[in-house]
Amino acid sequence: MLKIMYDQYKTITLSGLAEQLHYTVPYCSKYLKNVFGCTFSAMIQKIRFQNAECLLRNSDMTVSEVGKEIGYENTCLLYTSPSPRDRTR
């Protein structure tokens, strides 16, 4: 489950994940909540921010470029979120 989410975090949906695993959407949702303690959306956001942090630290990409690279259409979300440095403190 996690491998699919990490590999496809830019485009994966909960229903797409469930379909790939041959599970129901409610089962996948409940499983994520029980095992990882958060929702599908929160997991995807965490994966995106981990990738954003890596790109910001290791490339010369702008915040807007990183936002588009990690799958955000509206990169304003990245400007209002805690910076990678703030999240690692």
Side-chain angles (χ1 to χ4, degrees):
M1 185 177 284
L2 279 178
K3 180 166 177 22
I4 293 170
M5 291 173 73
Y6 272 92
D7 289 347
Q8 300 175 25
Y9 71 93
K10 293 179 190 177
T11 58
I12 193 76
T13 62
L14 181 56
S15 61
L17 178 66
E19 185 177 319
Q20 288 183 54
L21 295 171
H22 306 287
Y23 295 143
T24 65
V25 171
Y27 177 82
C28 279
S29 180
K30 186 180 262 189
Y31 180 85
L32 285 168
K33 187 73 169 172
N34 290 339
V35 173
F36 300 106
C38 61
T39 64
F40 172 81
S41 297
M43 285 289 292
I44 293 298
Q45 184 176 14
K46 184 185 288 188
I47 293 167
R48 283 181 171 165
F49 280 147
Q50 287 171 349
N51 283 295
E53 181 178 358
C54 183
L55 289 170
L56 289 169
R57 288 181 187 267
N58 301 311
S59 75
D60 59 352
M61 294 173 76
T62 66
V63 173
S64 292
E65 291 169 333
V66 168
K68 290 178 181 157
E69 179 65 26
I70 64 169
Y72 281 118
E73 294 294 321
N74 182 356
T75 57
C76 292
L77 294 171
L78 292 176
Y79 289 102
T80 59
S81 299
S83 71
R85 287 189 183 99
D86 290 340
R87 285 194 306 279
T88 58
R89 289 184 189 160

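Side chains are part of it too, since the values below use all heavy atoms of this structure and drop only hydrogens, waters and symmetry mates.
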- Query: So, for L17 and M1, which heavy atoms are closest and what is the spacing to 0.1 Å?
  - Reply: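 Looking at all heavy atoms of both residues, the shortest contact is CD2-CG, 3.9 Å.
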Throw together a table of side-chain donor-acceptor distances under 3.5 angstrom for residues 25-43, partners on residues two or more places apart or in other chains.
{"residue": "N34", "atom": "ND2", "partner": "K30", "partner atom": "O", "Å": "3.4"}
{"residue": "T39", "atom": "OG1", "partner": "A42", "partner atom": "N", "Å": "3.1"}

Which donor-acceptor pairs under 3.5 Å do side chains of residues 2-14 form with protein atoms, sequence neighbours excluded?
{"residue": "K3", "atom": "NZ", "partner": "D7", "partner atom": "OD2", "Å": "2.7"}
{"residue": "Y6", "atom": "OH", "partner": "Q50", "partner atom": "OE1", "Å": "3.0"}
{"residue": "Q8", "atom": "OE1", "partner": "Q20", "partner atom": "NE2", "Å": "2.9"}
{"residue": "Q8", "atom": "NE2", "partner": "Q20", "partner atom": "OE1", "Å": "3.3"}
{"residue": "K10", "atom": "NZ", "partner": "E69", "partner atom": "O", "Å": "3.2"}
{"residue": "K10", "atom": "NZ", "partner": "E69", "partner atom": "OE2", "Å": "3.2"}
{"residue": "T13", "atom": "OG1", "partner": "S15", "partner atom": "OG", "Å": "3.3"}
{"residue": "T13", "atom": "OG1", "partner": "G16", "partner atom": "N", "Å": "2.9"}

